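First comes the structure, then the notes that go with it.
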There are 2 protein chains.
Amino acid sequence: MDKSTEEKIYEAARKVFILKGMEGARMQEIADEAGMNKALLHYYFRNKENLFKAVFKDIFTKFFAKLKDTLLSSATTREKLTVFIDNYIDLITANPYVPSFIINEINRDPKVLSSLMFENFMEPAKVLKLFFNEVESANKSVVDPRHILTSLMGMLVFPFVARPILQMVLFQDDKVAYNNFLEERKEVVKNMMFKLIEI
Amino acid sequence: MDKSTEEKIYEAARKVFILKGMEGARMQEIADEAGMNKALLHYYFRNKENLFKAVFKDIFTKFFAKLKDTLLSSATTREKLTVFIDNYIDLITANPYVPSFIINEINRDPKVLSSLMFENFMEPAKVLKLFFNEVESANKSVVDPRHILTSLMGMLVFPFVARPILQMVLFQDDKVAYNNFLEERKEVVKNMMFKLIEI
DNA sequence: GTCTATATGGCGATAGAC
DNA sequence: GTCTATCGCCATATAGAC
């Protein structure tokens, strides 16, 4: 573990912010997690907001960068969808609190988005556009691809952000059964998407 | 406006908590919103957590009670779905911050759910069960109705909770265009659902 | 760079007058 | 019941020794 002090702070902050959010996180807790003193956080990042912005940008960027790669990697629309859905569910499974963290923060302070958007949205937007065009030509029912994408994302993200409710109502709070349900969703969502765009 | 003081506090708290969440809300702000002194909030609710719990329970219950009624009101599965989707989008449109508020709070402290669940989940669960059975028998592709419900809810909720991102990426932050998109979704989601369960 | 100690402000909560 | 004034705590942030 020969990470620099700054890296240690960064990773500790990432962990705590994702779990507690900007408002719930405590500088002391981040310092404890990083195994150092609170004053050092201010030495490196000056204040809490700076630290948060750096971490949020990183989380947001990495979370969408992976998806962009997916969309560029495969050949056919059907393959792209398959790989995208598999990768997305794996990605969220590995970072289950990230979607609700992002949803919470962008609604709490939409300004956190505008600072990222030009650098981080424009390129993915192009990739998405290409993907849209593909979906559109494959899509025999001629639904606006924005609706298709929104539905796809909703089908993938909702079971994670609403997990406490769904696990309780649908599975009597059985955690293992719910994990199973999430794994099943890969095939289920694929089939639903193929049916929706009729490919 | 001859509301009781307690009602005024309640409504002010509802407004502020939905926008700022439990941690972001300030007792002072709620008092200002209610047009009275901070001390009165403590006189009526003793502390912030009590006030929050009362408000959360109310919001949560009302938000799902309406849906239960919808599911009981219509005759055929197709009609039920139609009314459900129309009502749900209207309900969220009228309370756009409620879904992200609920998602945020249940992930921040899952205990807020367990206190409600027996009283508020059990009856809706029965209604849902009936709805499931209907969907299941109508559903020629034999997909687990839990997956169908999850997809439906995701398709409905996601465009609201992820609005800042979607509005920016899909509509260059054009608010009017996005409102239009949300209204369109009523028909789009209906058609998608009919296609998915093949009715 | 890293620590201890402390300043500063804000917030939830209470005391007590009316 | 409703107000003003204030307490006590906790969190961010800084000062300053090493």
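Throughout, protein chains are lettered first and strands after them, A, B, ... in sequence-line order, and every chain is numbered starting at 1. These values consider heavy atoms only, across backbone and side chains, with no hydrogens, waters or symmetry-generated copies. What you see is a predicted model, and the numbers here were worked out from it, not measured in a lab.
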Under 4.0 Å: is that the gap between some side-chain N or O of His42(A) and OP1 or OP2 of dT14(D)?
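Answer is no, no contact under 4.0 Å.
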With sequence neighbours excluded, tell me which residues meet side-chain hydrogen bond (donor to acceptor under 3.5 Å, both in side chains) with Asn179(B).
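Counting only residues at least two positions away or on another chain, Asn179(B) forms a side-chain hydrogen bond (donor to acceptor under 3.5 Å, both in side chains) with Arg163(B).
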Residue list, side-chain hydrogen bond (donor to acceptor under 3.5 Å, both in side chains) with Lys80(B), at least two apart or on another chain
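By the side-chain hydrogen bond (donor to acceptor under 3.5 Å, both in side chains) rule, Lys80(B) matches Glu134(B).
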Atom-to-atom span, [atom1] of [X] to [atom2] of [N] - whole angstrom:
X	N	atom1	atom2	value
Phe52(A)	dT12(D)	CZ	C1'	16 Å
Lys8(B)	dT2(D)	NZ	C1'	11 Å
Lys48(A)	dT14(D)	NZ	C1'	17 Å
Glu7(A)	dG1(C)	CD	C1'	16 Å
Asp32(B)	dC11(C)	CG	P	11 Å
Tyr43(A)	dT4(C)	OH	C1'	17 Å
Arg46(A)	dA15(D)	CZ	P	14 Å

Using a 4.0 Å heavy-atom cut-off, does Asn37(B) contact any base of the nucleic acid, only the sugar-phosphate backbone, or nothing at all?
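Base contact.
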When you get a sec, tell me which of [options] is the closest nucleotide to the side chain of [X]?
X	options	answer
Met27(B)	dG1(C), dA13(D), dG12(C)	dG12(C)
Lys38(B)	dT14(C), dA13(C), dT2(D)	dA13(C)
Leu40(B)	dT14(D), dT2(D), dT2(C)	dT2(D)

Strictly by salt bridge (Lys or Arg N to Asp or Glu O under 4.0 Å), give each pair with a member in residues 146-161 of chain A just once, sequence neighbours left out.
Asp144(A)-Arg146(A)
Mind running a 4.0 Å heavy-atom check of residues 9-26 of chain A against DNA chain D and sending the residues that fall below it, in number order?
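Residues of residues 9-26 of chain A that come under 4.0 Å of DNA chain D are, in numerical order, Ala25(A), Arg26(A).
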Does His42(A) have any ring-ring contact (aromatic ring centres under 6.0 Å, His included) partners at least two apart in sequence or in another chain, and if so, which?
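Testing His42(A) for ring-ring contact (aromatic ring centres under 6.0 Å, His included), a comparison that skips the adjacent residues, returns none.
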What residues form a ring-ring contact (aromatic ring centres under 6.0 Å, His included) with Tyr10(A), not counting sequence neighbours?
none
For Lys190(A), does the NZ atom have more than 12 heavy-atom neighbours from other residues, nucleotides or ligands under 6.0 Å away?
yes
Under 3.5 Å side-chain donor-acceptor pair for Asp32(A) and Gln28(A):
yes
